[in-house]
Amino acid sequence: MRIHRYRSRLWSAATVAAVVAASGAAITVAAPAAAAAGCRVTYSVGSQWQGGFTASVAVANLGDPVSSWTLTWSYPSGQRVTQAWNATVSQSGSQVTARNATYNGSLGTGASTSFGFNGTWTGSNTAPTEFSMNGTACTGAVGEPTTPPTTPPTGQPTTPPTTPPTTAPPGPVTWGTALPPAGAVNSRAYELIATANDKGYQPRSGECSVEIHARYWTYGPDGKVYPTWHPTRDPGGCNFGHEHGDDPRPSDLYSTVGWPAFGYTSEVMLDNMAEHSHRHEDHVGHKVLTVNNVNVIQGDNGTSFFPPQGTTIATCDTLLKFHQGTHSPDAFSNNVHELLFNQRCTASNGGQVTEARYNAMIPLGRAGGFSPSECPGFGGQFINVTPPVPADSPSDTRSLGRLITEPGCVQAIREGRTHYDPLYPNPVPFTVSDMDDFWFSDFSVTGSGLNFRLAPLFYVVNPSRYYDPTKPNNLGRIVDLCYTNLAGGDYCNQARQAGQNLAWDDPRSPFKGTLREFRPGTFQVQNSGPTTVYTDVYGRNAASTPFAGSIKQYFSGSQSSTMYVRGATRDWNATGVHAPN
């Protein structure tokens, strides 16, 4: 299943709000209200930038006490809510619906609460002027309190179990141009890149500074600051030395999901689970894939190297971020890795849309070890290495899991053993250039009326490491094998052309993990229940309401059968990129 090294293939808010929104001032809707039911809403745009904004909404109950609330409004200018905190917010067309969280639903007479969100806009960001709570228009009331209470109702926790931010993020996402605002709360993933750190960002001489790198950030679903995608080269002219795959902005899903927050699920673990259950992944392993309008072919099950000929039954848009490092010993034993997955598929017959927005640590095979890669043969005997981190990592037993090259491949090359390569009519010998990584997974999320399944493949053609138990940390460097008597292949030919033995992390080494194939793979959504679901970090314990340590997921539509989504193969190599990457 080799990809020829010399052949490139791509598998393929007007006027009331215009001034107010820009200035960040508050918009208050107020007038008389009935005694039994009434409300007052203050809508504030805290910050605004080209194409995006952060807003907060304060709602005061002026009528009889309520045990829960639902606030609705319509946007006049096509704005879209992308992420929210202290409320569950959904949107259909211009209509926005915000429902209370578990900890701020009870509002006594005169009590108030607030929530916030990030959103997108085009053209103008005209503020809404009409709100309703529980079906009653929020027009204010004579005799309402001049200063609504700012503390939560009696008996409500001041900090909810899932610890969302208590206020809106303190400023806009200044991606690539400035550091986060002084009042922002940093995630651990961001703290790792804010100082020189080998698990975060440790620049070499001549590479972009830590401060420049730290300008590429976003807010996560919890309102904290996270690292996100950045180009390999800053506009100022310096290189970062690593790449994160595709720019997410051209994705048809970007307007809905925004920047991927690298390390969000690890932060949920950190905030809500015991230390032995924590999982922290290095920065350079976060990789983004963006594909639009991928054809799904009837009868395709992914077993063939090339997509089959046939009827297109759907087209899919995918925006995902997966953590796959191929330079360190981590994957030898640790089978759970972060997936931020967004996919929308439209059926060709009738146009039915199925969509999933899913964030989790997904298991890829068994914990504690791996199986051999295609060289010398797919999925051989499981190799136990070390206890995994986290120690309580779940295992995936339905897929092949992580397939990584090991000494058996070196022996196969030495013996001249052959394999089938779809680019050639006859079997060809294994070479050092065939020491690939294949990472498979097969998992599902089930609940009341919900069945979601995904079985992806993440394939790296040119990893920098292989497993060698005779070496420190079990780390063998593939480029070193190019300077032995083994058959080297195309990549080794490139390395030898340098005229000297290249170090494993030399930018001239072709073994740097940049040539990857990402397949969303088997995809199915069958959901007759609510579209918003909450799970733990591993996609378990699906519930309709949030709980301690839960992550908000979204599943919409109901397919009659599974489909197989091909994704894309690309080489993300660029000037200055080197292992670790």
Side-chain angles (χ1 to χ4, degrees), residues 1-5 285 287 305 324-335 337 364-366 368-386 399-422 427-441 457-495 502-505 509-518 569 571 579-581:
M1 201 166 182
R2 183 179 61 164
I3 294 178
H4 197 286
R5 272 63 184 184
K287 308 300 184 184
F305 184 68
Q324 184 177 28
T326 54
H327 60 272
S328 78
D330 178 80
F332 296 156
S333 59
N334 298 327
N335 71 318
H337 295 261
L364 300 103
R366 293 164 54 186
F370 65 94
S371 296
S373 186
E374 69 166 332
C375 171
F378 283 107
Q381 184 176 359
F382 185 79
I383 300 172
N384 278 297
V385 182
T386 62
S399 79
L400 292 172
R402 295 166 341 284
L403 309 182
I404 301 172
T405 49
E406 40 73 50
C409 178
V410 176
Q411 185 62 25
I413 298 169
R414 183 172 291 115
E415 295 174 356
R417 292 169 59 181
T418 62
H419 69 299
Y420 171 72
D421 188 316
V428 294
F430 282 117
T431 71
V432 172
S433 298
D434 293 312
M435 301 179 73
D436 309 337
D437 271 21
F438 292 83
W439 292 19
F440 294 87
S441 185
L457 163 63
F458 307 101
Y459 168 33
V460 181
V461 178
N462 59 341
S464 67
R465 58 97 175 97
Y466 71 103
Y467 176 76
D468 187 342
T470 68
K471 297 185 181 298
N473 297 318
N474 302 316
L475 269 176
R477 296 301 180 185
I478 297 177
V479 71
D480 292 344
L481 299 175
C482 294
Y483 310 109
T484 68
N485 62 355
L486 295 175
D490 297 338
Y491 276 163
C492 278
N493 291 339
Q494 295 177 37
L502 299 178
W504 72 277
D505 57 353
S509 171
F511 299 99
K512 58 184 72 175
T514 56
L515 181 51
R516 302 187 295 272
E517 177 183 358
F518 281 5
T569 300
D571 191 344
N581 173 55

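Counting from 1, the numbers follow the sequence of the chain as shown. From a predicted model like this one, the values you see are computed outputs, not experimental measurements. Atom set for the values below is all heavy atoms of this structure, side chains included, hydrogens, waters and symmetry mates excluded.
A heavy-atom distance below 4.5 Å is not found between the side chains of Phe438 and Leu400. Side-chain contact check for Tyr466 versus Leu475: every heavy-atom pair is 4.5 Å or farther apart. Side-chain contact check for Pro376 versus Arg417: some heavy-atom pair is nearer than 4.5 Å. Put simply, the side chain of Thr514 reaches to within 4.5 Å of the side chain of Asn581, judged on heavy atoms. Glu374 is listed as a side-chain neighbour of Asp436, based on a closest heavy-atom distance under 4.5 Å. Residues Tyr491 and Thr431 have side chains not in contact (no heavy-atom distance under 4.5 Å, counting atoms from C-beta outward). Side-chain contact between Cys409 and Met435 is present, with heavy atoms from C-beta onward closer than 4.5 Å. Contact annotation: the side chain of Cys482 approaches that of Val432 to within less than 4.5 Å [non-hydrogen atoms, C-beta and beyond].
The two residues Pro407 and Pro469 make their nearest non-hydrogen contact at CG-CD, 3.9 Å. For the residue pair Val385 and Ser333, the shortest heavy atom distance occurs at CB-CB, 4.4 Å. Here the closest heavy-atom approach between residue Ala495 and residue Pro510 is recorded as CB-CD, 4.0 Å. Of all the heavy atoms in Ala579 and Phe511, the pair that sits closest is CB-O, 4.2 Å. What you find for Ser509 and Ala503 is that their closest heavy atoms are CB-O, 4.1 Å.
Atom SG of Cys492 and atom CD1 of Ile478 lie 9.0 Å apart (nearest 0.5 Å). Of the inter-residue distances, the one linking Asp480 atom CG with Leu486 atom CG reads 11.5 Å to the nearest 0.5 angstrom. Of the inter-residue distances, the one linking Arg516 atom CZ with Asp571 atom CG reads 8.5 Å to the nearest 0.5 angstrom. Rounding to the nearest 0.5 angstrom, the gap separating the NZ atom in Lys512 from the CG atom in Asn462 is 8.5 Å. Separating the CG atom in Leu364 from the CG atom in Leu457 is a distance of 10.0 Å, to the nearest 0.5 Å.
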Please determine whether side-chain contact (heavy atoms from CB on, under 4.5 Å) holds for the pair Glu406 and Ile383, giving the CA-CA distance in whole Å, both sets of side-chain angles, and the decisive distance to 0.1 Å.
CA-CA 10 Å; Glu406 40 73 50; Ile383 300 172; 3.8 Å; yes
Hey, mind stepping through Phe440 and Leu403 against side-chain contact (heavy atoms from CB on, under 4.5 Å) and telling me if it holds?
CA-CA 8 Å; Phe440 294 87; Leu403 309 182; 3.9 Å; yes
Applying side-chain contact (heavy atoms from CB on, under 4.5 Å), run through Ile404 and Ser373 and close with a yes or a no.
CA-CA 5 Å; Ile404 301 172; Ser373 186; 5.6 Å; no
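Put simply, the side chain of Asp434 never gets that close to the backbone of Cys375: no donor and acceptor are under 3.5 Å apart. A donor-acceptor pair under 3.5 Å links the side-chain atoms of Ser464 to the main chain of Thr326, judged by distance alone. A donor-acceptor pair under 3.5 Å links the side-chain atoms of Arg402 to the main chain of Arg366, judged by distance alone. The backbone N or O of Phe458 sits less than 3.5 Å from a side-chain atom of Gln324, completing a donor-acceptor pair. A donor-acceptor pair under 3.5 Å is absent between the side-chain atoms of Tyr459 and the main chain of Leu515, judged by distance alone.
Aromatic pair His337/Trp439: ring centres closer than 6.0 Å.
Using a 3.5 Å distance cut-off with no hydrogens or angles, the side chains of Asp330 and Ser328 do not pair a donor with an acceptor.
Between Tyr467 and Phe370, the angle of the ring planes goes over 60°, which puts this pair in the perpendicular group of the 30/60° scheme. Using cut-offs of 30° and 60° for the angle between ring planes, the Phe430 and His419 rings count as parallel.
Under a 4.0 Å N-O distance rule, the pair Arg465/Asp437 qualifies as a salt bridge.
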